[in-house]
Each structure stands twice: as C-alpha cells, then as structure tokens.
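Each chain gets a letter, A, B and so on, in the order the sequences are listed, and its residues count up from 1.
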Amino acid sequence: MSDLQKLTIGKALNLGLRRAMEEDPKVLIMGEDVGKLGGVFRITDGLQKDFGEQRVLDTPLAESGIIGTAVGLAVRGFRPVCEIQFEGFIFPGFDQISSQLAKLHYRTQGKIKMPVVIRVPFGGGIGAVEHHSESPESLFAHIPGLKVVSISNAVDAYWGIQQAIRSDDPVLFFEPKRLYHSGALRAEIDVAGTPAQVFSSQVVREGTTATVVAYGPSVKVALDAAAAAEDEGKSLEVIDLRTLSPLDLGPVFESVRKTGRLIALSEAPSESSLTSEIAARVQQECFYSLEAPVLRVTGFDTPYPPAKLEEHYLPDLDRVLHAVDRSLAW
Amino acid sequence: MPSEQWTHPEPGDGPAAVAAQPSPEQVIAGLRATSEGGAELTQLLTPEGERVPSPQFDKYVDDIDAEALRGLYRDMVLVRRADREANAMQRQGQLGIWVPLLGQEAAQIGSGRALKANDMAFPSYREHGVAFTRGVDMKDLLGIFRCTDHSGWDYQRHGFHPYTIVIGNQVLNAAGYAMGQKFEGKVGDDDGEATIVYFGDGATSQGDVHEGFVWAAVYDAPLVFFCQNNQWAISEPTERQSRLPLYQRARGYGFPGIRVDGNDVLACLAVSRWALDECRHGNGPVLIEAFTYRMDAHTTTDDPTRYRLSDELEEWKLKDPIERVRAYLARGGYADQAFFDKIQDEADAFAADLREYTFNMPEPPPDRIFSNVYAEGNPVLEAQREEFLSYLDGFVSAGEH
C-alpha cells in the first residue's frame with residue numbers, strides 16, 4: 001500500500017517523526033515549546049495532541065537539561081528526540097553532548113547505547129537577530145562518538161529523521177531552517193513506503209566541468225549555480241554530502257577524478273571547518289587527478305553579521321560561479 | 001551563626017522578614033565546617049557510639065539488629081581498607097591517580113545499603129563504597145585508576161551507572177533516568193523503583209545540578225539527590241559554593257531537603273530509606289545533604305595542607321564513621337575483639353587480593369582505542385584502525401629481522 005504525498009521539508013519532518021513515534025513507543029520528543037505550540041517552526045505540530053504529554057515533552061527552558069535528561073532516558077531504554085530551538089542556543093548543552101552523549105558507548109565498551117537525536121535548525125537567510133542564523137556543525141563533527149547529518153530536501157528529511165531515530169548512536173540532525181516551508185522544494189513521498197537509508201553522499205546533479213560539494217541549505221545554492229552554469233556552457237556535478245560525520249567522501253573522490261576540480265561549499269566560517277576537512281582529504285586522495293587546488297566558498301571567519309548584511313555573508317550562486325571560473329583559470 | 005536560629009520568610013511576611021535574615025558573615029560562619037552541622041542534623045548514633053532515638057526515622061532501621069549493624073561495620077571497614085590500599089598503590093606508581101573516600105564510608109554504605117535491586121545509582125567518581133554495596137567488583141573500579149579502562153562493570157546488572165568525571169553532569173542524567181522510571185509506571189507503591197544520584201558540595205554550584213533539581217521537580221521524578229558535603233571542593237570550602245546550608249536549597253525547588261550526619265551510617269541508612277520510599281511512592285524528588293568530611297586529599301594529586309588546618313582534621317577524626325559503630329557494638333556487647341579481628345583479617349585479605357590483581361592487570365590491546373566509538377561502526381574509523389595495525393605490524397617485523 002502506498003500513500004503518496006507532496007511535502008515540504010517541514011511537513012516531511014513532521015510526518016517522519018509521527019511515523020517513528022507510531023512504530024516505537026520508546027520514541028519521545030522533548031524540547032522547548034514542542035508541545036502545544038508545535039515548536040517555533042511548527043515541525044512537531046500536532047504530535048503532543050496525538051501522543052500525549054509524556055511522549056512529547058514541553059521541557060523547562062534549559063538546553064543542558066534537555067540533553068542531559070535525554071542521556072538518562074536513553075540509559076533507561078528510551079529513544080529521545082531533542083529539539084533545539086535555534087542552533088545558537090545549543091551551547092549550554094555542548095557539555096552534555098561532548099562529555100556524556102558522545103562518550104558513554106565508548107566509556108562502557110558498548111554496554112550503554114545512546115539512541116538520542118538532537119534536531120538543530122541551522123543556517124541563515126531568515127533575516128533573524130543574533131544567534132538565530134549560525135552554522136556550528138563543524139564543532140560537532142569534530143567530536144568522536146557523534147553522528148552528524150544534514151538534510152537538504154524533503155525526501156531525505158522524511159527518511160533521514162527516521163533513520164536517525166532508529167540509530168543506536170547519537171545523531172546531531174541539522175535542518176536547513178530557511179527551506180523548511182519552501183514550496184519549491186516540495187517532493188512527492190510515499191510515506192507508507194519501505195524505510196530508506198539516506199546517510200551517504202549522493203550525486204544530485206551530474207556534470208563534467210567541475211564538482212561542487214555541499215550540504216544542507218547550500219545544496220540548493222549549488223544546484224541553482226549548476227543551472228546557471230549550464231547557460232554558460234559549463235557542466236557542474238553537484239554532490240550532497242548528507243552525512244557530515246562520518247564523512248562519506250567516496251563519491252566526492254570519484255567525481256573529482258572525473259572533473260579534476262572541486263569547489264567545497266558551506267555557509268559556515270571556513271577555518272577548521274568541514275570544507276577544510278574535505279579539501280585536505282581530497283588533495284590526499286586525488287592529488288594526481290586535480291587540475292586546480294580545491295577551492296572553498298564559505299561564510300566568512302566572522303560572527304554571523306547583522307541580518308541586513310547576510311546576503312553578502314552567505315555564499316550565493318554568483319560566488320560559486322566565480323569560484324568555478326577561478327578553478328578553470330588555473 | 002548557628003543556622004537553626006533563622007527561619008525562612010513566609011509569603012506575606014513582608015520585607016521585614018527578609019531583612020531579619022542573617023547577614024552573609026553570619027551565614028558563612030554557620031556554614032563553616034567545624035563539626036556540628038547544626039541542630040537540624042539528623043543523627044541516630046553519636047560520635048561516642050550512643051544510640052539517639054528519632055521518632056521520625058527509627059522505624060526505617062527497625063530491622064537493623066546487631067547482626068545487620070555488624071554487617072554495616074564490615075562494609076565500612078572493607079571499603080576503607082580497599083581505599084587505603086589503592087591510595088598506597090598510587091603512591092607506589094601502580095595507579096595513575098586515586099580518589100580517596102576516607103571519612104565518607106558511612107554516607108556511602110548507609111545510602112548504598114538503602115537501595116533495592118531495581119534501583120539505579122548514578123555516582124560521581126568517589127563512590128567506591130556505593131559501588132561495593134551494588135555488588136560491583138572493586139577490581140573493575142581499579143581499571144579506571146590504573147588507566148586501562150573508563151568503566152569496567154555492567155551498569156544494568158549492578159544498577160550502578162559509570163563514574164562521571166565532569167562535575168554535575170550525572171545529576172541531569174539521573175534525572176532523565178528517573179523520569180524514565182516514572183514514565184514506565186514503576187512508581188506508586190512499595191514495589192516502586194527509585195534513582196539516587198551522588199554529587200558533592202562543589203557540584204551544587206554547577207548549572208547542571210540546578211537544572212537537575214528543576215527537571216526532577218517538574219516531572220515528579222523518583223530521584224534522591226544525595227549530596228555528600230565533605231566540606232571541600234578540592235581547595236574551595238563550602239562557603240565558596242553557598243550562602244545557605246545546602247539541604248535548604250530544596251525548598252526553592254519545591255521538594256523536601258534534609259541534612260543528615262554523613263558520618264552516621266545508621267542515620268544515612270534511615271534517611272536514605274525514607275527518601276527512596278518517598279520516591280517509590282511518587283513523592284519525590286528529595287534532597288539529602290550528608291554532612292561529612294573528606295579526611296584525605298581530593299585526589300592523590302592534591303595537597304590539602306595548603307588550604308586547611310590540621311585542627312580541622314583532628315576534630316573530624318573524633319567523628320570517625322567507623323569508630324562510633326565499633327564503640328556501639330563493643331559497649332553493647334554486640335561484638336567482641338575476635339569479631340573485630342576477624343573483620344580486620346578479612347579486610348587485609350580483600351586489600352591483598354586487590355593489590356595482586358592490580359599488579360597483574362592486563363593492558364588492553366592497542367586497537368581497543370578504536371572499539372565501540374560507535375554502536376553502528378564508522379568506515380573512517382575502521383580505515384584508521386587498519387592503517388594503525390599495519391603500522392604496528394611494521395615494527396614487529398623489523399624486530400624479527
């Protein structure tokens with residue numbers, strides 16, 4: 001039996017959470033305002049009404065508390081899904097994430113599983129005030145014991161959130177908040193279908209001139225750039241990383257061996273970031289295939305600027321095309 | 001300022017009641033750990049070994065006859081002996097570090113023996129005595145301090161969570177676990193489950209402990225907060241953590257708080273049983289402040305002579321948790337010298353066994369570095385493991401030639 005529905009990323013997440021809760025009574029949702037309000041982005045809309053206050057917990061206002069109690073609930077056998085309202089508020093919970101969530105499985109030689117998901121809306125482009133538009137994913141990718149993923153489309157949102165919840169490892173699940181309700185990104189999904197595994201890099205557009213690797217909200221920028229490049233007679237291959245830790249760079253290596261050029265794209269500041277890691281690993285693995293240095297198109301190494309400046313801060317289609325030109329000019 | 005002289009202002013008392021509260025200097029003077037712990041201290045056995053009746057708590061130790069009390073004495077002697085042996089082994093370079101529990105045996109044995117099999121205990125890193133009561137092999141603890149392992153016991157079988165080194169983290173983890181017990185409907189009658197979490201006076205300054213209080217309170221979690229106020233957080237005294245006796249903080253969160261003589265094993269047992277019972281029946285959480293003293297250093301890297309006077313230690317030695325039980329047993333004719341000698345022999349053998357085990361403790365194979373980072377594996381890590389093993393193999397073959 002199939003049930004095809006055309007869904008935005010936000011709605012796909014909502015239905016993915018709902019299905020996970022229906023399938024496993026140990027799945028809990030916890031966070032600030034996730035109950036009656038349905039979350040500040042309405043991703044958990046209606047879940048408390050249907051599953052009750054004990055499965056969808058409107059928590060006190062403290063991120064360390066949300067994550068620290070999720071750790072304890074996981075020790076007890078639950079599968080908590082925590083929502084952090086905005087990525088800039090995750091830092092009070094950083095200690096619990098890095099000290100306990102990421103390490104208990106290792107510390108106990110596998111006796112304690114940590115099936116906790118932390119959903120983090122991230123990235124800019126919504127015209128918000130400070131702390132509401134950041135990209136801290138590299139900080140978490142640097143911590144052993146965590147899985148870090150990011151989604152860029154509704155199909156991956158639906159299956160990805162379920163895969164994350166089923167995982168016995170803790171998953172930081174970064175969601176591109178400015179795309180939550182994008183009608184243009186609606187996708188047809190068989191919500192009754194067989195669960196799909198989506199945490200691997202994927203070529204989302206084939207090309208031959210150069211490769212652009214991106215994740216989360218930047219995938220749309222890369223695809224838009226590829227469409228524009230086509231008008232200029234350039235064929236860009238676009239790869240959606242989807243998994244940020246562990247990185248699945250096999251498809252990237254393969255693509256670079258074909259195109260000889262790589263642009264690593266991300267909204268995050270560039271220094272010591274995922275794009276740094278990608279550049280390092282690609283030069284190590286594909287040295288003789290590269291026609292030009294790996295170039296990076298990223299946010300600047302500054303705090304996120306006031307939103308009136310974010311159009312300059314955020315990598316856009318033109319900055320990607322400019323990087324392609326620089327690569328080709330080598 | 002003896003803290004019993006002041007009462008909390010009640011709603012409607014007005015600003016005058018607040019103004020009538022003691023000055024910070026008075027509070028600090030009252031907090032200072034000279035010895036007394038104030039009139040609010042719950043005690044069943046005096047330092048001289050005399051039984052003090054307690055209308056509220058006697059019923060919780062009705063079953064503790066002479067034999068059971070000898071058992072508690074044995075627990076404390078064995079644990080102290082193991083602690084001293086481990087301390088000595090650190091001095092001999094056999095352990096990387098040791099965290100002494102000397103002086104805190106009653107708090108740990110009393111609270112630990114109050115637990116039932118299905119209860120869960122979340123320790124910090126000094127709870128060797130609690131571990132003992134939970135049936136954790138002390139040898140499995142020593143791996144942590146010989147640095148061969150991070151945690152060597154089955155937490156589920158023993159109902160004893162791994163040690164937590166980051167101060168206060170475990171309080172939130174315990175709150176979550178206790179919420180789980182509540183959600184599963186394991187609370188409400190005599191057969192209910194409860195969780196106990198251990199932390200020190202220093203940890204009460206941590207945000208996680210505050211958040212743990214909040215979470216446990218708003219979700220009615222069956223959680224006993226067991227604060228061992230041993231007066232010192234490394235070199236920082238209790239008055240550096242609070243202007244209020246710690247147990248009184250519970251009131252601000254809306255649950256009961258109680259101060260117990262942490263050197264009185266009987267009182268610790270009784271108060272812990274009461275608190276756990278409250279939790280089992282759905283009346284949790286409860287905060288217990290066990291007023292005790294760390295008679296040794298914070299860890300073997302610490303030097304308490306830099307920050308505290310020997311007078312203080314001498315005063316606390318008079319309140320030794322083991323000696324008062326011994327005095328009570330001897331005075332009442334409940335134990336003779338042969339019994340005490342037998343326990344001492346047993347403790348010596350226990351320590352010798354630990355020593356022998358420690359000296360021969362196997363070291364983990366190098367590639368265990370990579371084991372169990374993830375439950376579901378990680379290809380990047382697997383590649384690192386393979387590369388590392390092949391690198392090590394190179395040395396072996398070089399040596400063979």
Side-chain angles (χ1 to χ4, degrees), chain A residues 25-26 28 30 54-55 57-78 80 92-93 95-96 98-116 144-147 166-170 199-200 245-250 281, chain B residues 120 122 144 149-157 161-166 168-184 186 195 197 206-208 210-219 221 223 364 368-383:
Chain A
K26 289 292 186 183
L28 305 177
M30 49 199 293
Q54 201 158 290
R55 296 206 48 205
L57 283 75
D58 269 324
T59 65
L61 205 78
E63 284 73 14
S64 192
I66 294 169
I67 295 160
T69 53
V71 167
L73 282 159
V75 173
R76 182 71 191 180
F78 288 87
D95 174 22
Q96 283 286 348
S98 58
S99 303
Q100 305 306 327
L101 184 68
K103 294 199 176 107
L104 269 163
H105 189 263
Y106 187 70
R107 188 186 300 154
T108 60
Q109 283 292 301
K111 293 187 194 85
I112 292 185
K113 302 274 189 290
M114 270 293 122
V116 176
L146 298 178
K147 287 187 174 175
R166 274 197 308 275
S167 172
D168 277 337
D169 286 312
F199 296 156
S200 57
S245 178
L247 273 171
D248 175 23
L249 290 180
R281 302 255 289 271
Chain B
M120 183 61 129
F122 281 74
I144 298 173
D149 205 346
H150 290 324
S151 167
W153 57 91
D154 185 330
Y155 79 97
Q156 219 160 18
R157 189 159 67 84
H161 190 75
Y163 274 8
T164 299
I165 311 282
V166 181
N169 271 186
Q170 78 279 9
V171 177
L172 273 172
N173 304 157
Y177 189 91
M179 285 163 64
Q181 290 173 316
K182 175 93 188 297
F183 293 169
E184 289 178 2
K186 299 290 170 69
T195 296
V197 61
Q206 287 277 0
D208 275 11
H210 160 69
E211 289 177 37
F213 288 165
V214 171
W215 249 259
V218 302
Y219 292 105
L223 179 59
R368 222 189 76 183
I369 291 170
F370 301 96
S371 297
N372 291 302
V373 181
Y374 295 89
E376 298 178 339
N378 175 330
V380 176
L381 213 49
E382 282 311 308

Flag side-chain contact, heavy atom, 4.5 Å: [X] against [Y]:
X       : Y       : answer
D95(A)  : Q206(B) : no
R368(B) : Q109(A) : yes
E211(B) : Q96(A)  : no
P246(A) : L381(B) : no
Y219(B) : T69(A)  : no
M179(B) : L57(A)  : yes
H150(B) : T108(A) : no

Need one label for V373(B): side chain, backbone, both or neither, based on atoms under 4.5 Å from any heavy atom in chain A.
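Both backbone and side chain.
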So which part of K113(A) gets closer than 4.5 Å to some heavy atom of chain B, the side chain, the backbone, both or neither?
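Contact with chain B involves the side chain of K113(A) alone.
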What part of A70(A) gets within 4.5 angstrom of chain B, counting heavy atoms only: side chain, backbone, both, or neither?
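For A70(A), there is no contact with chain B at all, as no heavy atom is under 4.5 Å.
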Please check: side-chain N/O of Y106(A) versus main-chain N/O of Y374(B), any donor-acceptor pairing under 3.5 Å?
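A pair under 3.5 Å: no.
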Which one, F183(B), W215(B), Y177(B), leads in non-hydrogen pairs under 4.5 Å with chain A?
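Heavy-atom pair counts peak at W215(B).
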Please determine, among L249(A), V75(A), D168(A), L247(A), the option with the most heavy-atom pairs under 4.5 Å with chain B.
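Of the options given, most contacts go to V75(A).
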Side chain to side chain donor-acceptor pair (under 3.5 Å) involving S167(A) - partner list, sequence neighbours excluded:
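Partners of S167(A) under the side chain to side chain donor-acceptor pair (under 3.5 Å) test: E376(B).
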